[in-house]
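Have a look at the structure below before the remarks.
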Amino acid sequence: MIYRHFNAPSRAFTQFSHELIRHPRLSSDAVRLLTWQLSLPQGARESLSTSAQRARIGGHAFTRAKRQLKEEGFVHERRVQVAGGRWVTQQLVSNTPLTADQAVKLLCRTPDPVTPQVTPSTPAPAVGQPTTPPTDRHPDKDLGEETSNLPDETADAVDEPSSLEDARALVGVLHLLSPALRHIPPGMRDELAHLAARWLDAGHTSTDVHEHVLRGLPGAGTPVHRPGGLVRYLLRDVPPLALPPRPAPQLSARLEGARECAGHHTQPMLFRPLADEALCPACVTPGREPVHAPS
């Protein structure tokens, strides 16, 4: 038997929904990381990694917790380019799941995308007198290694494929295909849309993608505990587009009605029969009836 004693705090407290604390798909580290972030004062710019360090959440546990929060729609990230050509990562933490479109609208309302964690500090003055850089030889190192306004190689592409909007609509109706797909996490829809866009770019139709997903679902009565992960697995590889069947070869109009002779010729011999003859006139011997094709 267990007894509980609870004193309501008079200060420094945060209200959380029971659904958040008892979320069936969030680990204890994910719940702790989320509640830690939501308990920060208004206007705080503490990153998720910093909160994980303060909450004593290890590296692997933090990666797993962050992935779960993103899949369930509690955390959203995007990379933006700010003044000076620098690229920064914006993180949005919410106490309720948000779709990718809702998160983008909220992030666009921020007056300045630069946070204190990524704002460059004032450099210390150089020691000594300024010197002119040499101009008579190549630099010792590749300038690309020192250029600060180059985006990270792992940054998301700015240009989105033209089929992405159709792919988002395709993913948005997956829950209508089968009851097993009703609980796809909102945070995974953007990732699934990018996978579906690859199918559309390869020439497949939305119907092709839906039929492929339905074929990959387990049999009736088998529960699907992670429908988002299953769809991601099914859309991971794009099969080649099936080629249409070749039409049967057609004779030219000049050879219309011609027939190949059934006699012995070095090369195929075409002739135009008067009725249903199987042999050409050259093969028909005098005094012998022509050989007719079988009816």
Side-chain angles (χ1 to χ4, degrees), residues 99-101 156-184 188-295:
T99 64
D101 293 337
D156 297 335
V158 177
D159 296 331
E160 294 183 344
S162 58
S163 58
L164 189 56
E165 288 301 322
D166 295 334
R168 287 196 176 103
L170 183 156
V171 173
V173 297
L174 285 177
H175 66 283
L176 302 177
L177 300 180
S178 170
L181 302 176
R182 290 178 181 173
H183 302 292
I184 295 178
M188 293 189 64
R189 292 176 183 171
D190 191 64
E191 178 186 2
L192 298 180
H194 280 80
L195 292 176
R198 296 170 55 236
W199 283 65
L200 300 181
D201 291 339
H204 295 279
T205 64
S206 298
T207 303
D208 295 337
V209 179
H210 286 164
E211 291 179 350
H212 178 76
V213 172
L214 289 177
R215 286 194 298 268
L217 295 180
T222 303
V224 179
H225 299 289
R226 296 181 179 272
L230 176 61
V231 175
R232 177 173 55 194
Y233 171 78
L234 294 175
L235 299 182
R236 181 180 57 184
D237 298 326
V238 182
L241 192 64
L243 297 177
R246 286 187 175 183
Q250 300 291 334
L251 293 176
S252 64
R254 185 173 60 87
L255 298 178
E256 190 69 28
R259 174 183 296 177
E260 182 179 351
C261 178
H264 297 286
H265 294 276
T266 305
Q267 295 181 349
M269 177 66 179
L270 295 179
F271 73 102
R272 197 179 305 275
L274 299 177
D276 56 352
E277 301 94 333
L279 296 177
C280 67
C283 293
V284 178
T285 58
R288 220 178 137 185
E289 294 295 330
V291 178
H292 300 286
S295 57

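Partners of S206 under the side chain to side chain contact (heavy atoms under 4.5 Å, CB included) rule, at least two apart in sequence or in another chain, are L170, L200. For D208, the side-chain hydrogen bond (donor to acceptor under 3.5 Å, both in side chains) criterion is met by T205, not counting sequence neighbours. With sequence neighbours excluded, the residues that form a side chain to side chain contact (heavy atoms under 4.5 Å, CB included) with A180 are S178, V224. By the side chain to side chain contact (heavy atoms under 4.5 Å, CB included) test, R232 is found to be paired with E71, M188, E191, L192, L195, residues two or more places apart in sequence or in another chain being considered.
Here the closest heavy-atom approach between residue V171 and residue R189 is recorded as CG1-O, 4.1 Å. Contact detail for A193 and A167: the closest heavy-atom pair is O-CB, 3.1 Å. In plain terms, the two heavy atoms of C283 and G263 that are nearest each other are SG-CA, 4.3 Å.
Between R259 and D276 there is no salt bridge, since no side-chain nitrogen of the basic residue lies less than 4.0 Å from a carboxylate oxygen of the acidic one.
Here E260 contributes atom CD and L270 contributes atom CG; the two are 6.5 Å apart, rounded to the nearest 0.5 Å. Here L181 contributes atom CG and L174 contributes atom CG; the two are 6.0 Å apart, rounded to the nearest 0.5 Å. Within the model, atoms CG of L217 and CG of L234 stand 7.0 Å from one another, a figure rounded to the nearest 0.5 Å.
Within the 4.5 Å cutoff, the side chain of P218 has heavy atoms near those of the L230 side chain. Counting heavy atoms from C-beta outward, C280 and H265 have side chains that approach closer than 4.5 Å. Between L235 and R198 the shortest side-chain heavy-atom distance does not fall below 4.5 Å.
Counting only residues at least two apart or in different chains, ring-ring contact (aromatic ring centres under 6.0 Å, His included) contacts with residues 204-226 comprise W199-H204, W199-H212.
A 6.0 Å sphere centred on CZ of R226 holds no more than 12 heavy atoms belonging to other residues, nucleotides or ligands. For H183, the NE2 atom counts as loosely surrounded, since its 6.0 Å shell holds 12 or fewer non-hydrogen atoms of other residues, nucleotides or ligands.
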